[in-house]
Protein chains: 2
Amino acid sequence: MVQKKQNARRGGGPAGDRGPALKGVRRSLQVLEYIALNPGRATDVAAGLNVSWATLHRTLSELEQGGFVTREADTNRYSIGARMWFIGTAYLAGHKMLEAAQPYLDDAAEGGDYTVQLVERSGRLAVTLYSYQTAGEVITKSTYGYHFPLHCGSKGQVLLAYCEAEDIDEYLNGPLESLTPETVTQPKALRQRLKEIKAQGYALTIGDVQQFTGSLSAPVFDRAHQAVGAVCFITKRSALRDAAVVEAMLETLLRTAQSTSLALGWRPGG
Amino acid sequence: MVQKKQNARRGGGPAGDRGPALKGVRRSLQVLEYIALNPGRATDVAAGLNVSWATLHRTLSELEQGGFVTREADTNRYSIGARMWFIGTAYLAGHKMLEAAQPYLDDAAEGGDYTVQLVERSGRLAVTLYSYQTAGEVITKSTYGYHFPLHCGSKGQVLLAYCEAEDIDEYLNGPLESLTPETVTQPKALRQRLKEIKAQGYALTIGDVQQFTGSLSAPVFDRAHQAVGAVCFITKRSALRDAAVVEAMLETLLRTAQSTSLALGWRPGG
DNA sequence: GCGCTTTATCCGATATACGGATACGTTGTT
DNA sequence: AACAACGTATCCGTATATCGGATAAAGCGC
């Protein structure tokens, strides 16, 4: 049998690399995330992720068997399974910010006629941790399960505005999707907006996520003065035309956000 | 080139088995679920799952790098990460039963002074898909992220009652945890309860999940007359002492559950 | 300061997953 | 209706990524 020479290093590489680690694990989670974003048929997933069909098939079968994805019997379309929901919800149990914010969010929700959300950044998206919508059906889609890119909506923009400069650069270099005709997608314009937002301490956008709504968001800080999330109020587009309404919402918003920050150990100044 | 004989089977085995498939994938998800249930230190996870430390360490590192688990910097404790929440929430988007139930759940929530939930079975647990709690702080813990074994609470019992007989057997053979002193854990007694529940079409339990609350649940059926979920009303223990209150809740409950079933294509009879 | 537990990294053997090829099933088109 | 095209399922040899024992470093309690 031919013994391979110790390490047949390929010229150039700085050595070391022991090859990609845990390929299977990484791939399976990529698949899950891909399906979360665009549920659909197996081949589409394979194409979207550049994975050989055979491999993908095995992966999906395994995931399906575990209940991590479900496949619609007749159409062969895959989507996220119940077990993922179960695992995912564990994220909220013991989430410091959520726990800290809850009472204030409830207060805010009782007081006003708008949807109250607590959001957080995850990668290039603003994810909703909590949403309380009072009566008025302002949000069309199921509250959870809809997360938006950071450059869309006041909540995302707030989260982005308080990121490190290089983080912002990186984000703006990525693809900037447009959700409505009013979504701002020019990096330059966005940069300007972010600067303004950081200067004034909150954000207001109208119609850039859904044309008929607008929102108002303020950052939540932790004890290290890091922006770790945002409180967001969403309401009908028309309501935000009225300066008095905006003023009132803004006051509650800033109070809610600050109360939460305080509960997280943040202190003014510094 | 030497052609291998068709199948060079290894003597003894009934042929077929090509060894465990996708070990890594399976393990990583096991780890995630384990952490969802008991967040904690790496060694505990290794012990709990009987995985060698080296392997577990690699797995956790990979998961952490991807944001699927987070590790508390100072204490080295692991818990579910934001990305899992993101993926998990995708389960709700486009969930047929949830979509069908939503309007009725909202109605029910507006009308009464109790928490309204929609639940579903996942393995040995009843998981909450939706929860609407009106003012009264009846539920202590964060609404999501707390799922209970099927034998605890009316919701679980309803889900269990409508399972196949062998499913029930299997469940009752497993470990039956006790959440409060009032939790019923005798298989025999449970079997009796399940029979009653199925006979009357709903379940009422008091104090077997939390001592100071009780709940009332009814099943939701799909077009194939399969029980696919349950609607559950939770309220203060004392309220359920009043027969008139129970009667009123029950009416709404059954109406809500039936409306949902109808929206799913179920039809009476059969 | 000293043991003990927990965490991090190394490395060779070998079992495991990859992916091309092949076969089957299903959908849509002329 | 028959064909074409696409999507799905499965097989198998080989290369290689993964496993886990061992070793080293870092925390932690006493």
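The basis for the numbers below is simple: all heavy atoms, side chains too, and nothing from hydrogens, waters or symmetry mates. Just so we're on the same page: letters track the sequence lines, and every chain starts at 1.
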- Query: Taking only residues two or more places apart in sequence or in another chain, which ones pass side-chain contact (heavy atoms from CB on, under 4.5 Å) with A:P39?
  - Reply: A:S79
- Item | Residues which pass side-chain contact (heavy atoms from CB on, under 4.5 Å) with B:E164, listed by chain and number, not counting sequence neighbours | B:E166, B:D167, B:Q226
- Query: Atom CG of A:N76 and atom C1' of D:dC6: how far apart are they, to the nearest Å?
  - Reply: 13 Å
- Query: Can you list every side chain to side chain donor-acceptor pair (under 3.5 Å) pair that touches residues 37-49 of chain B, not counting sequence neighbours?
  - Reply: B:R41-B:D44
- Task: Go through the side-chain N and O atoms of B:T59 and B:R27 and say whether any donor and acceptor fall under 3.5 Å apart.
- Result: yes
- Query: With under 30° as parallel and over 60° as perpendicular, where do the rings of A:H57 and A:W53 fit, or are they tilted in between?
  - Reply: tilted
- Listed partners of A:T185 passing side-chain contact (heavy atoms from CB on, under 4.5 Å), at least two apart: A:H151, A:L176, A:S178, A:T183
- To the nearest Å, give me how far apart CG (B:N50) and P (D:dC19) are. 15 Å
- Item | From CG (B:L32) to CG (B:L63), nearest 0.5 Å | 5.0 Å
- Whole-Å gap separating P (C:dA17) and CG (A:L60): 16 Å
- Message: So if I take residues 32-43 of chain B and measure heavy-atom distances to DNA chain C, which residues fall below 4.0 Å?
- Response: B:R41, B:A42, B:T43
- Across all chains, not counting sequence neighbours, the ring pair (Phe, Tyr, Trp, His ring centres under 6.0 Å) partners of B:Y104 are none
- Starting from P on D:dT18, measure out to CG on B:L56 and report it in whole angstrom. 15 Å
Between the protein and nucleotides 20-30 of chain D, are there any N/O to N/O pairs under 3.5 Å, and if so, what are the atom names and distances?
unit_1: D:dG20; atom_1: OP2; unit_2: B:T55; atom_2: OG1; d: 2.9
unit_1: D:dG20; atom_1: N7; unit_2: B:R58; atom_2: NH2; d: 2.9

- Query: With sugar-phosphate meaning primed atoms plus P, OP1 and OP2, does B:R77 contact a base, only sugar-phosphate, or nothing at under 4.0 Å between heavy atoms?
  - Reply: nothing
Do any N or O atoms of the protein come closer than 3.5 Å to N or O atoms of nucleotides 22-24 of chain C, and which pairs are they?
none

- Task: Output every pair passing salt bridge (charged side-chain N to carboxylate O under 4.0 Å, His left out) with a member in residues 75-102 of chain A, not counting sequence neighbours, ordered by first then second residue.
- Result: A:R83-B:E33
- Item | Atom-pair distance (NE2 on A:H57; C1' on C:dG20), nearest Å | 16 Å
- Hey, does the side chain of A:R121 reach the backbone of A:G123 with a donor-acceptor pair shorter than 3.5 angstrom? yes
- Five-pair end axes of the helix from C:dG1-D:dC30 to C:dT30-D:dA1, angle between them (10°): 50°
- Message: Taking any heavy-atom pair under 4.0 Å as a contact, classify A:R71: base, sugar-phosphate, or nothing.
- Response: sugar-phosphate
- Message: Test: ring-ring contact (aromatic ring centres under 6.0 Å, His included). Region: residues 21-50 of chain B. Which pairs qualify, not counting sequence neighbours?
- Response: none
- Pairing residues for B:A47 by the side-chain contact (heavy atoms from CB on, under 4.5 Å) criterion, not counting sequence neighbours: none
- Message: Contact between B:E177 and B:C152 at the side-chain level, heavy atoms closer than 4.5 Å - yes or no?
- Response: no
